[in-house]
2 protein chains.
Amino acid sequence: MKEGRHVTIKMVADKAGVSKSTVSRAIGNYPDISDKTKEKIFSVMKELNYYPSAIARSLANRISKNVGLVLPADDDFFLNPFFQESLRIISKTASSRGYDVLIAYNGDNETRSVERLVKANKVDGVIMMRSVVQDPTIEYLRDSNFPFVLIGKSIDYSSVHSVDTDNVDACKTLTKKLIDSGCKKIAFIGGDKNSVVTIDRFNGYVKTIEENGMKLNKDLIQENEFSSMNGYRSIEKILKNDSSIDGIVITDALIFSGVMDYINNHKSYETGESSIKIKVIGTFGTGNFQQNPDIEIINVDVDSKILGEKSCNTLIDLLEGKDVEMTQIVDYKISNIN
Amino acid sequence: MKEGRHVTIKMVADKAGVSKSTVSRAIGNYPDISDKTKEKIFSVMKELNYYPSAIARSLANRISKNVGLVLPADDDFFLNPFFQESLRIISKTASSRGYDVLIAYNGDNETRSVERLVKANKVDGVIMMRSVVQDPTIEYLRDSNFPFVLIGKSIDYSSVHSVDTDNVDACKTLTKKLIDSGCKKIAFIGGDKNSVVTIDRFNGYVKTIEENGMKLNKDLIQENEFSSMNGYRSIEKILKNDSSIDGIVITDALIFSGVMDYINNHKSYETGESSIKIKVIGTFGTGNFQQNPDIEIINVDVDSKILGEKSCNTLIDLLEGKDVEMTQIVDYKISNIN
DNA sequence: CTGAAAGCGCTTACAG
DNA sequence: CTGAAAGCGCTTACAG
């Protein structure tokens, strides 16, 4: 299938009249080589269209120049703009530093896919996107002392390299904004309640509600999964419990989109009237620019690009033996959308 | 960083009292091994927690057990649900057949990222998602005789393995449905006009319009990029040219979402009235379930899962020397959404 | 049914 | 500044 014959370092060496060692050193850009032979070698490499085999190199060096990207197994995750932006930037960053990205999944309570990659030496390190409480993959990686960095926070383990937004603080600030805007009854709709992100944001919400002398009401709180369907159903339930809410805090772009769908669909098209009294929605990411002139939208932008870029650079720094901080916090931005 | 010492085939052999060859054969599940030694070897492997090095294996076999997934470089692509679903299923399929997925990009007129993967022997074959006219990556892959399969159609080259929906036919059927629903003036909003998908769908639209004695009107046609912003702006432009259109054909979920945003935002919230007279929208994927009681939505479902799965299986079949068809067409489904 | 040996294509002490 | 040799961890004819 492939070209008849792969050109190897030996062929380059022969043609250039030097040894394999010398060619290897030329490629590796070692200092102690005469410019003359170096030039000769490079010209032969070009002529022969030579490319070192990454595989052979890996075996000799015991490094693969691959990083594994571990994705959550739930389908919804892939619909999240956060994932998309991160994947792209991680891939770019890795590539700029000479690494490639290999995909792996983090199934429910199963680490096999990651374990296979690690044990088979297919990756040098791993980036994990989103973790749950007592994440088995984290436990496995930590126990086998394998280099990895987590996008997000590890609740259970302290000695984990991580890049995260301060989600508790972000959600406190966000909730406070709703209160400052005059909201008296603020609902909360979150994703998977085992997800660390959801937990942090929920805590921020709770603290702010309590600190401001409002009472926490279970009927106004929904936590399910990271999907627009969840948003749609959650807001429906909440409104059934109490139609007088005037604000909502939402933890995720997909959920937000489901909530907006619900609201837009439940306005009378005849009269333009709506029984929905929501004045302000605070959310983490909107996904697209759905609007509604009656509702103020406050968005927390967690900067998935910086998170992705930092996680990747941190991992590679780690692999290259550089000093890295254990925990890095990336700023968030809050802004009004309409 | 890693565990003190990696366990190798040699250590297993020694402990089991056999040679490396025999261990290798046991792993490879060769027939000619006595059950006794096989058992012995497996128990030692378990005991030592041995895992063969994929790297060493690759070097010996000259295969990497990796497939490259080549993604378009434009950011918008990543927001497309089609991409997300495909990535997931491709990854699953590859994994079930013992392969891993490596990400690569197909930059504007540049094949470097793919070329590097191929030349460095990091992948055995490549899956390309979406191609443009005279795609340089396709040319490179074909010229170097490297195994690959294209999701989509190759306009320029016939001897390319591909898995595709019949987009011309699908868009003909779709457009005809709008006509049957009574539409008299049907606009068209498409993505990048160099993209083969867009071209095919546009052709389907054009043919149907002409076959039904309607006249093609440039003012009603917009082709730009695969983004919701494009949808928003395109519908705005078209309506400015002619506010009497009563149907639209849209080639992409993101574009659709932008169009719906526009329509929902340009209805008077006071009176519920709208100057927009669109009765039916035909689209390829909706992304989410945005609705509008005034508008009938007809969706073509291109089944990205089957496309992803087939492309991956075809590639691996190819790598394993099985017979595969050059072109495979996957059925689409048309259904009314509301 | 099993082992010794050569080979996959690199890198890297070691010696000069 | 350069080369010969050993090694990375496997596989696979070849011989028995």
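Here the shortest heavy-atom pairing between B/L318 and B/P147 reads CD2-CB, 4.4 Å.
The salt bridge (Lys or Arg N to Asp or Glu O under 4.0 Å) search around B/D14 returns B/K10, not counting sequence neighbours. For B/T314, the side chain to side chain contact (heavy atoms under 4.5 Å, CB included) partners two or more places apart in sequence, or in a different chain, are B/V149, B/V163, B/V324, B/Q328. In terms of the salt bridge (Lys or Arg N to Asp or Glu O under 4.0 Å) criterion, A/K65 has no residue partners (sequence neighbours excluded). Remark: B/I138 engages B/M128, B/S131, B/D135, B/F148, B/L150, B/Y157, B/V160 in a side chain to side chain contact (heavy atoms under 4.5 Å, CB included) (not counting sequence neighbours). Applying the side chain to side chain contact (heavy atoms under 4.5 Å, CB included) criterion to B/F42, with sequence neighbours excluded, gives B/K38, B/M45. Not counting sequence neighbours, the partners of B/K15 by the salt bridge (Lys or Arg N to Asp or Glu O under 4.0 Å) test are B/E47. Scored by the side-chain hydrogen bond (donor to acceptor under 3.5 Å, both in side chains) test, A/S64 finds A/D124 as partners (sequence neighbours excluded). For the salt bridge (Lys or Arg N to Asp or Glu O under 4.0 Å) test, residues two or more places apart in sequence or in another chain that qualify with B/E115 are B/K119. Scanning for side chain to side chain contact (heavy atoms under 4.5 Å, CB included) contacts around B/R97 gives B/Y99, B/N313, B/I316, B/D317, B/E320, B/K322, with sequence neighbours left out.
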Legend entry - Canonical and wobble pairing (Watson-Crick, G-U, under 3.5 Å) of DNA chain C, dot-bracket with |: |||.||||||||.|||

Are any protein N/O atoms closer than 3.5 Å to N/O atoms in nucleotides 13-16 of chain C? If there are, list each pair with its distance.
from	atom 1	to	atom 2	distance (Å)
C/dA13	N6	A/R25	NH1	3.3

Between protein and nucleotides 7-10 of chain C, what N or O pairs are separated by less than 3.5 Å?
from	atom 1	to	atom 2	distance (Å)
C/dC8	O2	B/A60	N	3.3
C/dG9	N2	A/A56	O	3.3
C/dC10	OP1	A/Y50	OH	3.0
C/dC10	OP1	A/S53	N	3.2
C/dC10	OP2	A/I9	N	2.7
C/dC10	O5'	A/Y50	OH	3.2
C/dC10	N4	A/K20	NZ	3.0

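Taking the C1' atoms as reference points, D/dG16 lies 16 Å from D/dT12, given to the whole Å.
In this structure, NZ of A/K40 is placed 17 Å from C1' of D/dT2, rounded to the nearest angstrom. One interatomic measurement links the two molecules: CD1 of B/I63 to P of D/dT12, which rounds to 9 Å at whole-angstrom precision. Taking atom CG on B/D14 and atom P on C/dG3, their separation rounds to 11 Å, with Å as the unit. Put simply, CD on B/E39 is 15 Å from C1' on C/dC1, counting in whole angstrom units.
Between B/S34 and C/dT2, a side-chain N or O to OP1/OP2 separation shorter than 4.0 Å is present.
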